[in-house]
K.L.:
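One structure follows; several queries about it will come next.
Worth knowing before you read on, the calculation uses all heavy atoms, side chains too, and leaves out hydrogens, waters and symmetry mates. Chain letters run A, B, ... following the sequence lines, proteins first, then strands; residues in each count from 1.
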2 protein chains.
Amino acid sequence: MDNTGTERTTELPLLEDCMITRQILDRVGDKWSMLIVVNLGAGQLRFKELQRRSSGISQRMLTQTLRHLERDGMVWRKATPTVPLTVEYGLTTLGLSLLGPLQTLVDWVDSNRGEIVEARSSYDGQQENIQG
Amino acid sequence: MDNTGTERTTELPLLEDCMITRQILDRVGDKWSMLIVVNLGAGQLRFKELQRRSSGISQRMLTQTLRHLERDGMVWRKATPTVPLTVEYGLTTLGLSLLGPLQTLVDWVDSNRGEIVEARSSYDGQQENIQG
DNA sequence: CCGAATCCACCGGGATACTG
DNA sequence: CAGTATCCCGGTGGATTCGG
């Protein structure tokens, strides 16, 4: 095999082969988790209130997402058997510690949104020319 | 309203209502993008080599993911009309700038993997008791 | 070797209706 | 209010086949 000179042996010790990392990132990156974690970042909330703040989420998905986050130890749940039922959700220490990295990503998107949007329309324009 | 002491009025100026941010995060967080960006982080690669390093990805998904990343301005593509065809992929400046935030997230997962796995089995154990 | 196209199975997730 | 259960549609993504 020829060597084009661009070979780099840099070792970024990353996801590559680790399934669990992958699973966790899948969870973190799924459609609603980030939104929920962020919304709970400002303080504990009741189910309905949380749903109201997470525009567009169905109660089915909210329940499911909360269960997953609870299972992963990021969210706690406290049910009080009043009538009608009262359930509060909040972030655990683990969940809180995720806010930072999440924020980093969101900040990056925020800073680069313009460039991305521009790249997209530029790309789409070229496609038109090709397929005109 | 009673003050339970955990109320926080912190304003995290986040995704909440912004669709575009959401779109971009969806892209960044989709099943393969992160893996591809990370793999290209070590240097440009040819299609086949990239596929080999991204264990499990089908060529269909690799093509699709690369197109998306190219459209978003994160990846460049250079086709050389040799026989057989040679196509190289690499990260643009924008793509490279994403490595940092991505790394932050991956590092977080790495540091907290143990705790999450533990939380999961603990949670699953309790479910067994309930449903016996 | 690179990739487009087709076919198809699976499941994420919305709408709705029903329990406690 | 806080879920659970059911139905069902569209998108995701794998396998395979074809073209350049």
K.L.:
Within this structure, what is the NE2-to-P distance between B/H68 and C/dA4, rounded to whole angstrom?
P.N.:
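So the two atoms are 11 Å apart, to the nearest Å.
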
K.L.:
Consider only side-chain N and O atoms of A/W32 and A/S54, and report whether a donor and an acceptor are under 3.5 Å apart.
P.N.:
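Side chains of A/W32 and A/S54: no pair found under 3.5 Å.
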
K.L.:
Please state whether the phosphate of C/dC11, meaning OP1 or OP2, lies under 4.0 angstrom from any side-chain nitrogen or oxygen of A/K31.
P.N.:
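No, because none of the side-chain N or O atoms of A/K31 sits under 4.0 Å from OP1 or OP2 of C/dC11.
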
K.L.:
Is the shortest side-chain N/O distance from A/Y89 to OP1 or OP2 of D/dC1 below 4.0 Å?
P.N.:
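For D/dC1, OP1/OP2 do not have a side-chain N/O of A/Y89 under 4.0 Å.
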
K.L.:
Tell me the interatomic distance from A/M61, atom CE, to D/dC9, atom P, rounded to whole angstroms.
P.N.:
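Rounding to the nearest Å, CE of A/M61 and P of D/dC9 are 17 Å apart.
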
K.L.:
Among the candidates C/dA4, C/dC1, D/dT4, find the nucleotide nearest to the side-chain atoms of B/K48.
P.N.:
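Given the options C/dA4, C/dC1, D/dT4, the side chain of B/K48 is closest to C/dC1.
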
K.L.:
Output the rounded distance in Å from CD1 (B/I57) to C1' (D/dG13).
P.N.:
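So the CD1-C1' distance, B/I57 to D/dG13, works out to 10 Å.
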
K.L.:
Heavy-atom distance under 4.5 Å between the side chains of A/R67 and B/Y123, does that happen here?
P.N.:
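Yes, their side chains come closer than 4.5 Å.
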
K.L.:
Check the distance between C/dC11's C1' and B/D30's CG and give it to me in whole angstrom.
P.N.:
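Checked: the CG to C1' distance equals 16 Å.
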
K.L.:
A/E88 has an atom CD; how far is it from atom C1' of D/dG3, in whole Å?
P.N.:
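So the CD-C1' distance, A/E88 to D/dG3, works out to 16 Å.
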
K.L.:
Report yes if at least one side-chain N or O of A/K78 is closer than 4.0 Å to OP1 or OP2 of D/dA2; otherwise report no.
P.N.:
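Indeed not, no polar side-chain atom of A/K78 lies that close.
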
K.L.:
Take the protein atom CZ of B/R27 and the nucleotide atom P of D/dT12, then report the distance between them rounded to whole Å.
P.N.:
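Computing the B/R27:CZ to D/dT12:P distance gives 9 Å.
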
K.L.:
Can you tell me the distance, in whole Å, between the CZ atom of A/R77 and the P atom of D/dA2?
P.N.:
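Between P of D/dA2 and CZ of A/R77: 10 Å.
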
K.L.:
With the threshold set at 4.0 Å, does a side-chain nitrogen-carboxylate oxygen contact exist between A/R52 and A/E49?
P.N.:
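Salt bridge between A/R52 and A/E49, a charged N being under 4.0 Å from a carboxylate O: yes.
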
K.L.:
Just wondering, do B/Q59 and B/F47 contact through their side chains at under 4.5 Å, heavy atoms?
P.N.:
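The answer is yes, as the side chains (C-beta and beyond) meet within the 4.5 Å cut-off.
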
K.L.:
Expressed as a whole number of angstroms, how long is the span from A/L62:CG to C/dG13:P?
P.N.:
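Whole-Å distance recorded here is 13 Å.
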
K.L.:
Should B/D72 and B/R27 count as an ion pair when the cut-off is N to O under 4.0 Å?
P.N.:
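Yes, this pair counts.
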
K.L.:
Do side-chain atoms of B/T80 reach the backbone of B/T82 as a donor and acceptor pair under 3.5 angstrom?
P.N.:
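Flag not set: sc B/T80 to bb B/T82 has no pair under 3.5 Å.
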
K.L.:
Give me, pair by pair, the N or O atoms of the protein and of nucleotides 16-20 of chain C that are less than 3.5 Å apart, along with how far apart they are.
P.N.:
| residue | atom | partner | partner atom | Å |
| --- | --- | --- | --- | --- |
| C/dA17 | N6 | A/Q59 | NE2 | 3.3 |

K.L.:
Between A/L98 and A/W76, is there a shared hydrophobic cluster once you connect ILVMFWY residues whose side-chain heavy atoms come closer than 4.5 Å?
P.N.:
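Result: no, two separate clusters.
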
K.L.:
Would you tell me if any nitrogen or oxygen in the side chain of A/R46 comes within less than 4.0 Å of OP1 or OP2 on D/dA2?
P.N.:
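True: A/R46 side-chain N/O within range (under 4.0 Å) of D/dA2 OP1/OP2.
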
